[in-house]
2 protein chains.
Amino acid sequence: MVSESAASLHDEVVAFLRRYIIEDNLAEGERIPEKILCEQLGVSRTPLREALKVLASEGLVDLLPNRGARVRSLRPEDIRELFEVLAGLEAHAGRLACQRITDEQIAAVEALHLEMYSAFISRDMTAYFGLNQRIHRMILDAAGNKALELAHQNYASRVQRLRFHANRTKEWDRWSQAMREHELILAALVERDGHRLAEILVEHLMNKCAAAMDVGRMAGKGAGSGM
Amino acid sequence: MVSESAASLHDEVVAFLRRYIIEDNLAEGERIPEKILCEQLGVSRTPLREALKVLASEGLVDLLPNRGARVRSLRPEDIRELFEVLAGLEAHAGRLACQRITDEQIAAVEALHLEMYSAFISRDMTAYFGLNQRIHRMILDAAGNKALELAHQNYASRVQRLRFHANRTKEWDRWSQAMREHELILAALVERDGHRLAEILVEHLMNKCAAAMDVGRMAGKGAGSGM
DNA sequence: TCAACGAAAAATGAATGCAAAACGGAGCCA
DNA sequence: TGGCTCCGTTTTGCATTCATTTTTCGTTGA
């Protein structure tokens with residue numbers, strides 16, 4: 001095991017495997033023999049199997065009876081469904097955020113937005129990507145609902161693998177479109193227009209979805225940016 | 001073990017325990033010794049422990065390190081958060097349903113709605129309750145998104161215990177209000193007005209939430225209906 | 001040649017065993 | 001009486017073991 005926190009072995013294995021899968025280190029659909037993973041992680045089969053059950057219930061892996069675990073493969077249909085769930089969660093987060101966000105928080109989002117804009121201008125994709133995530137997380141945070149945050153994280157992690165899969169090739173069109181959408185997001189937030197924000201967030205996410213589906217189709221050939 | 005399907009022991013235990021907890025057969029916050037449950041279910045500790053980990057990841061139980069499992073206790077704050085998540089999911093389901101629902105499905109909902117109305121008129125709470133659930137499930141179904149349906153089920157099950165807890169005392173005011181809300185729901189659905197439907201569903205659910213919070217406060221003394 | 005069969009090997013599902021941590025209560029002291 | 005410590009018991013976390021199923025692969029026979 002790599003990490004050595006105070007958490008139980010089980011939790012460490014879950015955290016490690018979740019990250020490992022999200023970061024696309026395991027081939028989708030390929031069988032994952034327990035023995036191999038046990039040796040790699042240095043734990044016995046018991047905590048590993050517990051972890052796999054949990055990940056299966058999270059939807060990250062499939063657990064076929066007597067035939068082991070494999071990374072759940074996402075058909076385009078599944079990807080659409082996951083993004084729709086995410087859109088629903090994020091839209092509601094936006095609505096709640098507009099009711100609850102403080103002026104300070106709005107100022108913080110604005111600051112991040114400007115920073116992201118310069119990253120966009122200077123074509124710094126990595127910085128852009130990170131700032132983008134921070135903005136969305138900040139909206140979630142402003143919604144003041146830990147359960148909602150957790151649910152969002154959960155579903156986000158299930159599609160995140162697709163973005164890792166894509167080698168972050170920059171599709172200029174999609175990127176500038178995403179930037180425009182972010183302008184609208186900020187505007188709605190500043191006006192505390194919950195319905196409008198929800199609407200934009202859904203559209204923003206479903207556009208991401210389209211990009212991710214491209215990735216799914218091209219199977220790692222490097223199309224789609226997932227911004 | 002009660003059930004004897006072809007599923008693995010693990011899955012049976014998960015299903016049984018989930019239902020057992022949702023139906024409020026275990027005191028909230030009370031320690032659940034593994035040994036007792038094992039004997040009751042007739043399984044060894046391994047599948048039981050796997051099941052508990054899964055239920056913990058679903059948020060139904062708390063798993064304190066070295067101190068066993070207990071049914072997660074919901075503070076009013078938690079209840080609000082869960083209902084908000086549900087509201088977000090159901091609102092988006094409503095939006096999608098308006099885009100995708102067929103005329104036949106609308107007719108089916110209308111039929112159920114009328115049936116529910118007569119249950120309401122004749123004060124048949126049990127019938128009303130069942131029809132109410134069927135209508136909401138039908139909207140979820142019309143959204144055409146299995147993942148969304150699953151997420152909804154998941155979060156619904158986490159608060160369902162509260163309704164079981166309430167002895168279904170009929171609060172006439174809340175009941176007639178819920179019936180009025182259902183009129184609006186149907187109207188929005190017929191007009192396929194997604195935004196309006198989403199709005200009503202959120203309000204409908206947050207009213208349910210208020211009722212559930214009453215239940216939480218009165219701790220089973222029988223207030224709140226959870227309609 | 002190749003499809004079908006079958007036994008050996010390997011993987012999974014579940015039970016048991018063992019060490020460490022938490023619980024509980026008797027005894028002790030203020 | 002009330003609170004503390006200490007020690008035996010119970011419970012939990014994890015490793016190991018056993019039973020069953022699946023997979024592999026060599027063999028056979030058409």
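Proteins get letters first, then strands, A, B, ... in listed order; numbering begins at 1 in each.
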Among residues at least two apart in sequence or on other chains, which ones pass ring-ring contact (aromatic ring centres under 6.0 Å, His included) with A:His10?
none

Return the set of residues passing ring-ring contact (aromatic ring centres under 6.0 Å, His included) with B:His136 (not counting sequence neighbours), or none when no residue passes.
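B:His136 satisfies ring-ring contact (aromatic ring centres under 6.0 Å, His included) with B:His182, B:His204 only.
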
Run the salt bridge (charged side-chain N to carboxylate O under 4.0 Å, His left out) test against B:Glu115 and tell me which residues pass, sequence neighbours left out.
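Result, salt bridge (charged side-chain N to carboxylate O under 4.0 Å, His left out) vs B:Glu115: none returned.
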
Please list, chain by chain and in numerical order, all residues satisfying salt bridge (charged side-chain N to carboxylate O under 4.0 Å, His left out) with A:Glu81, sequence neighbours excluded.
none

Could you pull out all donor-acceptor pairs under 3.5 Å where a side-chain atom in residues 50-65 of chain B meets a protein atom, sequence neighbours excluded?
| residue | atom | partner | partner atom | Å |
| --- | --- | --- | --- | --- |
| B:Ser57 | OG | A:Ser57 | OG | 3.3 |
| B:Ser57 | OG | B:Val54 | O | 3.0 |
| B:Glu58 | OE1 | B:Arg18 | NE | 3.0 |
| B:Glu58 | OE2 | B:Arg18 | NH2 | 2.7 |
| B:Asp62 | OD1 | B:Arg72 | NE | 2.8 |
| B:Asp62 | OD1 | B:Arg72 | NH2 | 2.9 |

Please list, pair by pair, any protein nitrogen or oxygen found under 3.5 Å from a nitrogen or oxygen in nucleotides 13-18 of chain C.
| residue | atom | partner | partner atom | Å |
| --- | --- | --- | --- | --- |
| C:dG13 | OP1 | A:Asn66 | N | 3.3 |
| C:dG13 | OP2 | A:Arg49 | NH1 | 2.4 |
| C:dG13 | OP2 | A:Arg49 | NH2 | 3.2 |
| C:dG13 | N7 | A:Arg45 | NH2 | 3.0 |
| C:dG13 | O6 | A:Arg45 | NH1 | 3.3 |
| C:dA14 | OP1 | B:Leu9 | N | 2.7 |
| C:dA15 | OP2 | B:Ser44 | N | 3.0 |
| C:dA15 | OP2 | B:Ser44 | OG | 2.2 |
| C:dA15 | O5' | B:Ser44 | OG | 3.2 |
| C:dA15 | N7 | B:Thr46 | OG1 | 2.8 |
| C:dT16 | O4 | B:Thr46 | OG1 | 3.4 |

Walking along DNA chain D from 5' to 3', note the first and the last nucleotide with an atom under 4.0 Å from a heavy atom of chain A, and give both.
D:dC14 to D:dT23

My understanding is that only residues two or more places apart in sequence, or in another chain, count here; which of them pass side chain to side chain donor-acceptor pair (under 3.5 Å) with A:Arg49?
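Scan of A:Arg49 (side chain to side chain donor-acceptor pair (under 3.5 Å), adjacent residues dropped) gives A:Glu34.
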
Can you list the residues that meet the side chain to side chain donor-acceptor pair (under 3.5 Å) rule with A:Asn154, with sequence neighbours excluded?
none

